[in-house]
Structure formats: C-alpha cells, structure tokens
Number of protein chains: 2
Amino acid sequence: MISKKCKYAIKALLYLADHQEDDRSIFSSEIAEQELIPKKFLETILRELRNFQFVQSKRGKTGGYKLLKDPKEINLADLMRAVDGPIAMLPCVSLNYYANCEECDEKICQIKPVFEEVRDQTLKILNSTSIDSMRQERL
Amino acid sequence: MISKKCKYAIKALLYLADHQEDDRSIFSSEIAEQELIPKKFLETILRELRNFQFVQSKRGKTGGYKLLKDPKEINLADLMRAVDGPIAMLPCVSLNYYANCEECDEKICQIKPVFEEVRDQTLKILNSTSIDSMRQERL
DNA sequence: ATAAACTCTATTAACTTTATAGGAATTAGA
DNA sequence: TCTAATTCCTATAAAGTTAATAGAGTTTAT
C-alpha cells in the first residue's frame, strides 16, 4: 500500500498539471479544497515536493505552487520513491533503498527471485507512467 | 513492503516443504533456530497459518507442524493475503480487500488505472508462484 | 500597514508492527 | 502417575510509522 501522503502528492501534482494556464501559481488551499486533502498536511507535502524539485513555490499574497518540470518528465516511480521510499516489497530487492537481510544468505535465498520479478514488472509500469500520461489515460 | 511476519511465514512454509520426509512433524523451535526467527513470534505466525489451513499442528512431546497442502497448491498471493492483507497499492484497487475512496470519484480517478495495472502484473506473478516453485527456482 | 500566502519546527494522536510474558492444555514415555 | 516437551492462548508492551495539527515566523502585493 502506498501512504495517503503519497496519494495526496500524486493528486496535488495532477491538479497542478490539470490547472496550470499561463504561468499562474495555484494556492495550496485551492488544491486542498478541491481534492479534499487536509490543508496543513498538504502544505508539508508540497514543501517536500518543492525540496525534491517537483514544484516551485512563491510566497506572499499572490503566491502558490506550480510544476517545476514538464508533466511528461515527472514519472511515478521517482515521485513515489521521494514520498514513500522504497517501491520493492523486500529491502534486499530494492534498487534505490537496498538493505541486506540479517537472517538469510541472499545467494541461496528462495524468496528473493519472485520479488525481484515483481519489482521489475512494477517498475516497468511506474517508470513509464508520468503525470501527463495519467491525465491522458482513459482505458 | 511485505511485513517481517509475512517473510517469516514464507520461510516457515519453505522450511516445512524442504524438510518434510515421511510424515514427521517439525518443531517450531527447529524452524526458529534454523531460519533465525524469534521463537515466540513464530509460534503466533504458525498458529495463524494453521487457522488459515496452510499447516497442521500436533501438540505434545512429539508435536510440531507439517504442511496441510501440497507445496504446489500453496500460492504466494493467497499466503500474503492471509498474513498481510491486501496486495494492491490502493484500497480502491484491491480485489479482496476493496475499500472506496472517500475523497475521490472513482469513475474519473486519474490514479486508479496505473495501480490496477500494477496489481494485475503483480498478481500474475504471485498467483503463479507456489511454495514448490520457489524451491525449484534458480535463475 | 494589512491581508494572505508560504515556511518551519515541534508535537500529538492513532495505528501498526514486532515482538514478549506467562501460563494452560496436550501428549509420549519412563 | 509424573515429567518433559511441545503447542495453544490471551494479554500486553515496546518501538516505529502514519496522518495530521498547532502556532508562530517570513514574504509579498496592494
């Protein structure tokens, strides 16, 4: 399961992509109201997204947020890693957050191979899914 | 990420499959020692696995556990669901633990489709992976 | 000045995970 | 029957994570 935080982050970026016209910034309060995300929680999420270079913020009365990258260039795997950490189902199988198993020998581990396969298939999808493609997608 | 509990459960079933000869039962203490799983924790896990009909237990001095099904018939998806609950990354996309999103309209949700795809690909692998196939697998 | 936005740190409440404790029930065998 | 060794069960604790909130500070346009 991804966290609510991560879901909120995706929604916020989608909202920005859906509503960005000209160069206007969008208030966190607008996103919070429209997407039913707790306002203060969303603020901290947007700050993180700014730190990770997904969005740009502007302070003051005419402040707000806008995307820092082309929605085509924001892929879901990167976003999820930034917000939630590892995507893999086992630490010993994570590409970006690898951690070894204390209690087993990875060379002969019978569990690892399946979860490597799951990881590969999952990443194949998430790496090729951008904020832009999520907007288009209507299966 | 799957929980440690789930990983221990998989290891325990693999151990039983790897070591069952004749009809002998295997002590939880043996599994705990060999697989470096906290003994008391493993006991509660094995009890759950018994309740879910994965293993059979026998009490008393010559007690222990053995598999209740053919290792070929124990698939990873069922096991993971029993121990950890939903496999899907979003409640609204789970086949066995569906829960609706309060804050969004699923009909027009831009997030859902990707995670349905991830779910499908993940289940394709987990459904076709059994305790037995994990033992064979040497890629 | 003021209003309204973002910024930041700290904290909290709830929940989940990962165990552990302590004993009860069961069984085989001396 | 007594003992030893196992599983069974309930409760609880300790640690970690998640989800959110509080409150004050900073910035900017008007």
Side-chain angles (χ1 to χ4, degrees), chain A residues 1-12 16 23-33 35-52 54-66 68 80 82-86 89-91 97 99 101-103, chain B residues 1-12 16 23-33 35-52 54-66 68 80 82-86 89-91 97 99 101-103:
Chain A
M1 286 277 171
I2 65 172
S3 67
K4 284 196 172 189
K5 184 174 163 187
C6 190
K7 190 180 171 191
Y8 293 158
I10 299 170
K11 290 208 163 194
L16 290 176
D23 226 27
R24 86 172 177 110
S25 289
I26 293 173
F27 300 146
S28 65
S29 56
E30 180 183 335
I31 306 174
E33 280 162 28
E35 299 295 332
L36 301 176
I37 301 170
K39 186 174 178 312
K40 276 288 196 177
F41 194 19
L42 179 60
E43 277 179 29
T44 72
I45 294 167
L46 286 167
R47 199 169 335 121
E48 279 188 46
L49 291 178
R50 183 207 55 190
N51 292 339
F52 281 110
F54 289 104
V55 301
Q56 193 175 26
S57 67
K58 191 185 163 211
R59 297 167 78 158
K61 196 161 185 178
T62 57
Y65 298 88
K66 56 184 160 188
L68 198 51
M80 288 172 60
V83 178
D84 270 357
M89 284 184 160
L90 284 177
Y97 295 84
C101 307
E102 315 93 19
E103 90 276 11
Chain B
M1 287 278 172
I2 66 172
S3 65
K4 283 197 173 187
K5 184 173 162 188
C6 190
K7 189 180 171 191
Y8 293 159
I10 300 170
K11 291 209 164 191
L16 290 176
D23 224 29
R24 85 172 178 110
S25 289
I26 293 172
F27 299 147
S28 65
S29 57
E30 179 183 335
I31 306 174
E33 279 163 29
E35 299 295 331
L36 301 177
I37 301 171
K39 186 174 177 312
K40 277 287 197 176
F41 194 20
L42 178 60
E43 276 180 32
T44 72
I45 293 168
L46 285 168
R47 202 172 330 123
E48 281 189 44
L49 292 178
R50 182 207 56 189
N51 292 338
F52 282 109
F54 288 104
V55 301
Q56 192 176 27
S57 68
K58 191 186 163 209
R59 298 167 77 158
K61 196 160 185 176
T62 56
Y65 298 87
K66 56 182 159 189
L68 199 50
M80 288 172 62
V83 178
D84 269 358
M89 283 184 161
L90 282 177
Y97 295 84
C101 307
E102 315 93 19
E103 90 277 8

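Numbers restart at 1 for each chain; the letters A, B, ... are given by sequence-line order, proteins then strands.
When the P atom of C:dA5 is taken as reference, atom CD of A:E30 falls 11 Å away, rounded to whole Å. Protein atom CD1 of B:I2 is 19 Å distant from nucleotide atom P of C:dT16, rounded to whole Å. One interatomic measurement links the two molecules: CD of B:E48 to P of C:dT18, which rounds to 12 Å at whole-angstrom precision. The separation between B:E43 atom CD and D:dC9 atom P is 12 Å, rounded to whole Å. Across the protein-nucleic acid pair, B:I45 atom CD1 and D:dC8 atom C1' stand 15 Å apart, rounded to whole Å. Straight-line distance from the NZ atom of B:K58 to the C1' atom of D:dC8: 16 Å, rounded to whole Å. For the pair B:Q56 CD and D:dC8 P, the computed distance is 11 Å after rounding to whole Å. If you take CG of B:L49 and P of D:dT7, they are 13 Å apart, rounded to a whole angstrom.
Proximity note for B:K40 (side chain, C-beta onward) versus D:dT21, C:dG23, D:dA29: the nearest is C:dG23.
Residue A:F41 is classed as a base contact, given a heavy-atom separation below 4.0 Å to a base. Within 4.0 Å (heavy atoms only), A:K4 reaches sugar-phosphate atoms of the nucleic acid but no base atom.
At a cut-off of 3.5 angstrom, counting only N and O atoms as typed in the model, there is a donor on one side and an acceptor on the other between the side-chain of B:R59 and the base of C:dA25.
Considering every non-hydrogen atom in both A:S3 and A:D84, the closest pair reads OG-OD1, 2.6 Å. Nearest heavy atom pair, residue A:K39 against residue A:S29, reads CE-CB, 3.9 Å.
The shortest distance between the side-chain N/O atoms of A:T44 and the OP1/OP2 oxygens of C:dC8 is not below 4.0 Å. At least one side-chain nitrogen or oxygen of A:Y8 sits closer than 4.0 Å to the OP1 or OP2 atom of D:dA20. OP1 or OP2 of D:dT7 sits under 4.0 Å from a side-chain N or O of B:S28. A close approach under 4.0 Å does occur between a side-chain nitrogen or oxygen of B:R50 and OP1 or OP2 of D:dC8. In this model, the phosphate group of C:dT7 is approached by a side-chain N or O of A:Y65 to a distance below 4.0 Å at OP1 or OP2.
The shortest distance between side-chain heavy atoms of A:I2 and A:K7 falls below 4.5 Å. Put simply, the side chain of A:K5 reaches to within 4.5 Å of the side chain of A:F41, judged on heavy atoms. Here the side chains of A:L49 and A:L68 are not in contact, with every heavy-atom distance at 4.5 Å or above.
Residue-to-nucleotide proximity on DNA chain C shows that, of A:S57 and B:K61, the 5′-proximal contact is made by A:S57. In terms of position on DNA chain C, the residue among A:R47 and A:G63 whose nearest nucleotide sits closer to the 5' end is A:G63. Both A:K39 and A:T62 sit near DNA chain D, but only A:K39 has its closest nucleotide nearer the 5' end.
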